[in-house]
Engineer: 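Once you've had a glance at the structure underneath, I'll fire off some questions.
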Amino acid sequence: MHRTASPAHEIVAEAVVAVAMWAMARFSPHDRLFQATFRSPRLLAAWLRRVLPVDVVALLDLAGLRPHGDRAVGLGLRAHFADLVFEAPRRDRRGHVLVVVEHKAEADPHLPSQLLRYVVHLRRVARQQDGGEPIAVPAVLHHARERWLAPADGEPAAFAATRPNLPFAIDDLAGQAEATLRDPRLPPQAQLTLLALATLRWCDVPTALAAIDRWGDLLAAIDAGDAEPTPEDALDAISQYVLETTDVSPEDLTAVLRRHLTRTDTTRMTTAQRLRSEGLSQGLSQGRSEGQAVTLARLLAKRFGPLPDAVAARLRNAAPADLDRWTDRLLDATSLDALFA
């Protein structure tokens, strides 16, 4: 029997599309560099050996790491966005373990509950698909300016046993010395990515150029390599990150790279140069925020009725982080007050 979609179903369907579009637009330069590096099973496995507990690593065959599917829409049409989800075979041959990797460029007090939600979602989907619920191991790469601190909820200690708790491994780059980030267990691209994420966005031009020069041995090692990702892609990712997060000019960056690279064709920075020279980077970011605000306003009007002028103005003038937070709450909020709380 053919069924006509109800207005509620139409709202939910449009919300799913909107959330997917918002998710594609929300990637920051930090996200792009993280993904360019650690979506490689070889590089991710090396980083996991650094961050996971030794006894956990001993149980996993990280050489067999493979993508599980890093984007999924959960049951009840709730969007779940884990940065990376991989499968690692168990050495005891009892199936596989899900490795859930989350990347945080800013402090986020909701990190523990976010990871718990991801893991519950993934295990539920696995149970529905094949009847099993694999172990899930969460790991976090954190590189805000300040070290990550577990949030305090202010509740009496007597309630501690009732709180949901999911232990996770965290590689907190804040405060780590450069010598520590140059971990010999990591391939050159992984080392360079950690160094760049940990420092560059807070550097002035001379400091940034000096750091890139100091990392010349890593650049040369990437240039001489032949593993995936290719040297060209790896150097492109680093170059674009430098140009998007610092005030270094394409000309100055090219000059530094040429001191350390033997294959000058690998300094392909066409996209990043165009973004910088045409001033498009800021425009693209502003356009994404405006589009997200318009979509969110339309969905809220469908759910709660015509929006007051004050609410419409608040959406138009909102910062990207506020729009992200309100979009996260869209399907759960029972009122506009709850959405903006």
Engineer: Apply side chain to side chain donor-acceptor pair (under 3.5 Å) to D31 and S28, showing your working.
Structural biologist: CA-CA 5 Å; D31 294 317; S28 69; 3.1 Å; yes
Engineer: For residues F86 and W47, establish whether the separation of their ring centroids is below 6.0 Å.
Structural biologist: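 They do not qualify: ring centres at least 6.0 Å apart.
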Engineer: Once ring pair (Phe, Tyr, Trp, His ring centres under 6.0 Å) is applied, do any residues pair with H260, and if so which ones, sequence neighbours excluded?
Structural biologist: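 So H260 forms no ring pair (Phe, Tyr, Trp, His ring centres under 6.0 Å) with any residue.
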Engineer: Is any side-chain heavy atom of F168 less than 4.5 Å from a side-chain heavy atom of L111?
Structural biologist: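 With C-beta onward as the side chain, the pair touches.
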Engineer: Report yes or no: do D324 and T327 form a side-chain donor-acceptor pair below 3.5 Å?
Structural biologist: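 Per modelled atom types, D324 and T327 side chains form no pair under 3.5 Å.
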Engineer: Can you run down the salt bridge (Lys or Arg N to Asp or Glu O under 4.0 Å) pairs that involve residues 190-203, sequence neighbours left out, and say none if there aren't any?
Structural biologist: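 Sorted result for residues 190-203: E106-R201.
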Engineer: Going from CD on Q240 to OG1 on T245, what distance comes out if it is rounded to the nearest 0.5 angstrom?
Structural biologist: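 That separation rounds to 10.0 Å.
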Engineer: Enter the distance from T193:OG1 to Y241:OH here, rounded to the nearest 0.5 Å.
Structural biologist: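 If we round to the nearest 0.5 Å, T193:OG1 and Y241:OH are 9.5 Å apart.
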Engineer: At their closest point, which heavy atom of L52 faces which heavy atom of A169, and how far apart are they?
Structural biologist: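 For L52 and A169, the tightest heavy-atom pair comes out as CD2-CB, 3.9 Å.
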Engineer: Rounded to the nearest 0.5 Å, what separation is found between the CD atom of E228 and the CD atom of Q189?
Structural biologist: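 Taking CD in E228 and CD in Q189, the distance rounds to 10.0 Å.
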Engineer: Apply the test side chain to side chain contact (heavy atoms under 4.5 Å, CB included) to residues L300 and L315: give CA-CA distance (whole Å), side-chain angles for both, the deciding distance (0.1 Å), then the verdict.
Structural biologist: CA-CA 11 Å; L300 290 175; L315 292 173; 4.2 Å; yes
Engineer: Measuring from T246:OG1 to I212:CD1, what's the distance to the nearest 0.5 Å?
Structural biologist: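 Here the interatomic distance stands at 6.5 Å.
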Engineer: Test of understanding: with ring pair (Phe, Tyr, Trp, His ring centres under 6.0 Å), list the residues that count as partners of W326, not counting sequence neighbours.
Structural biologist: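 With neighbours one apart ignored, the set is F340.
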Engineer: Please check if the side chain of R123 supplies one atom and the backbone of A136 the other of a donor-acceptor pair under 3.5 Å.
Structural biologist: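 No.
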Engineer: Measuring from I222:CD1 to L192:CG, what's the distance to the nearest 0.5 Å?
Structural biologist: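 One finds 4.5 Å between CD1 of I222 and CG of L192.
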Engineer: Do other residues, nucleotides or ligands put more than 12 heavy atoms under 6.0 Å from D309 CG?
Structural biologist: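 Incorrect, the count does not exceed 12.
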Engineer: For the residue pair H30 and H103, categorise the inter-ring angle as parallel (less than 30°), tilted (30 to 60°) or perpendicular (more than 60°).
Structural biologist: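 Ring orientation of H30 relative to H103: tilted.
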Engineer: Answer yes if W202 and F34 sit in the same cluster of Ile, Leu, Val, Met, Phe, Trp and Tyr residues linked by side chain heavy atoms under 4.5 Å apart, and no otherwise.
Structural biologist: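 No; tracing contacts between hydrophobic side chains, which count when under 4.5 Å, never links both residues.
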Engineer: If you draw a 6.0 Å radius around CZ in R93, do more than 12 non-hydrogen atoms from other residues or ligands fall strictly inside?
Structural biologist: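 Open.
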Engineer: Does R90 reach the main-chain N or O of G95 with its side chain, forming a donor-acceptor pair under 3.5 Å?
Structural biologist: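 Not confirmed, R90 side chain does not pair with G95 backbone.
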Engineer: Keeping D172 on the side-chain end and W148 on the backbone end, is there a donor-acceptor pair under 3.5 Å?
Structural biologist: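 Answer holds: yes.
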Engineer: Set out, in order, the CA-CA distance, both residues' side-chain angles and the distance that settles side chain to side chain contact (heavy atoms under 4.5 Å, CB included) for H121 and R124, then state yes or no.
Structural biologist: CA-CA 5 Å; H121 165 69; R124 179 171 55 190; 4.1 Å; yes
Engineer: Within this structure, what is the CZ-CG distance for the pair R258 and L253, rounded to the nearest 0.5 Å?
Structural biologist: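 Between atom CZ of R258 and atom CG of L253 there are 10.5 Å.
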Engineer: Could you tell me whether the side chain of Q114 reaches within less than 4.5 Å of the side chain of K104, counting heavy atoms only?
Structural biologist: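 Yes, side chains in contact.
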Engineer: Could you tell me whether the side chain of L33 reaches within less than 4.5 Å of the side chain of I238, counting heavy atoms only?
Structural biologist: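 Yes, side chains in contact.
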Engineer: For a 4.5 angstrom cut-off between non-hydrogen side-chain atoms, does D108 reach E102?
Structural biologist: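 Side-chain contact under 4.5 Å: no.
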Engineer: Can you sort out the partners of A338 under side-chain contact (heavy atoms from CB on, under 4.5 Å), two or more places apart, ordered by chain and number?
Structural biologist: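 Only A333, T334, S335 meet the side-chain contact (heavy atoms from CB on, under 4.5 Å) criterion with A338.
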Engineer: Between L194 and T37, does the side chain to side chain contact (heavy atoms under 4.5 Å, CB included) criterion hold? Intermediate values first, please.
Structural biologist: CA-CA 10 Å; L194 296 188; T37 300; over 6 Å; no
Engineer: Assess whether atom CD of E178 is packed by more than 12 heavy atoms of other residues, nucleotides or ligands within 6.0 Å.
Structural biologist: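 It does: E178 CD has more than 12 such atoms within range.
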Engineer: Answer yes or no: is there a side-chain heavy-atom contact under 4.5 Å between V101 and D83?
Structural biologist: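 Not touching, per the 4.5 Å side-chain cut-off.
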Engineer: Once ring pair (Phe, Tyr, Trp, His ring centres under 6.0 Å) is applied, do any residues pair with H96, and if so which ones, sequence neighbours excluded?
Structural biologist: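 Residues passing ring pair (Phe, Tyr, Trp, His ring centres under 6.0 Å) with H96: none at all.
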Engineer: Mind checking whether L84 and Q35 have side chains closer than 4.5 Å, heavy atoms only?
Structural biologist: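 L84 reaches Q35 side chain to side chain.
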Engineer: Would D322 and R325 count as a side chain to side chain contact (heavy atoms under 4.5 Å, CB included) here? Give the steps.
Structural biologist: CA-CA 5 Å; D322 291 330; R325 184 170 64 255; 2.6 Å; yes
Engineer: Show which side-chain atoms of residues 54-66 pair as donor or acceptor with protein atoms under 3.5 Å away, not counting sequence neighbours.
Structural biologist:
{"residue": "D61", "atom": "OD1", "partner": "A63", "partner atom": "N", "Å": "3.4"}
{"residue": "R66", "atom": "NE", "partner": "E87", "partner atom": "OE1", "Å": "3.1"}
{"residue": "R66", "atom": "NH2", "partner": "E87", "partner atom": "OE1", "Å": "2.6"}

Engineer: Around R94, counting heavy atoms of other residues, nucleotides and ligands shown, do more than 12 lie under 6.0 Å from its CZ?
Structural biologist: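 Atom CZ in R94 is not packed in, count stays at 12 or less.
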Engineer: V248 versus C203: any side-chain heavy-atom pair under 4.5 Å?
Structural biologist: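 SC-SC contact between V248 and C203 ruled out.
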Engineer: Do L336 and L307 have side chains that get closer than 4.5 Å, going by heavy atoms?
Structural biologist: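 Yes, side chains in contact.
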Engineer: Examine the side chains of Q191 and W215 and answer whether a donor and an acceptor come within less than 3.5 Å of each other.
Structural biologist: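 W215 and Q191 do not have a side-chain donor-acceptor pair below 3.5 Å.
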Engineer: Examine distances only and state if a side-chain atom of R182 and a backbone atom of L218 form a donor-acceptor pair shorter than 3.5 Å.
Structural biologist: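 A pair under 3.5 Å: no.
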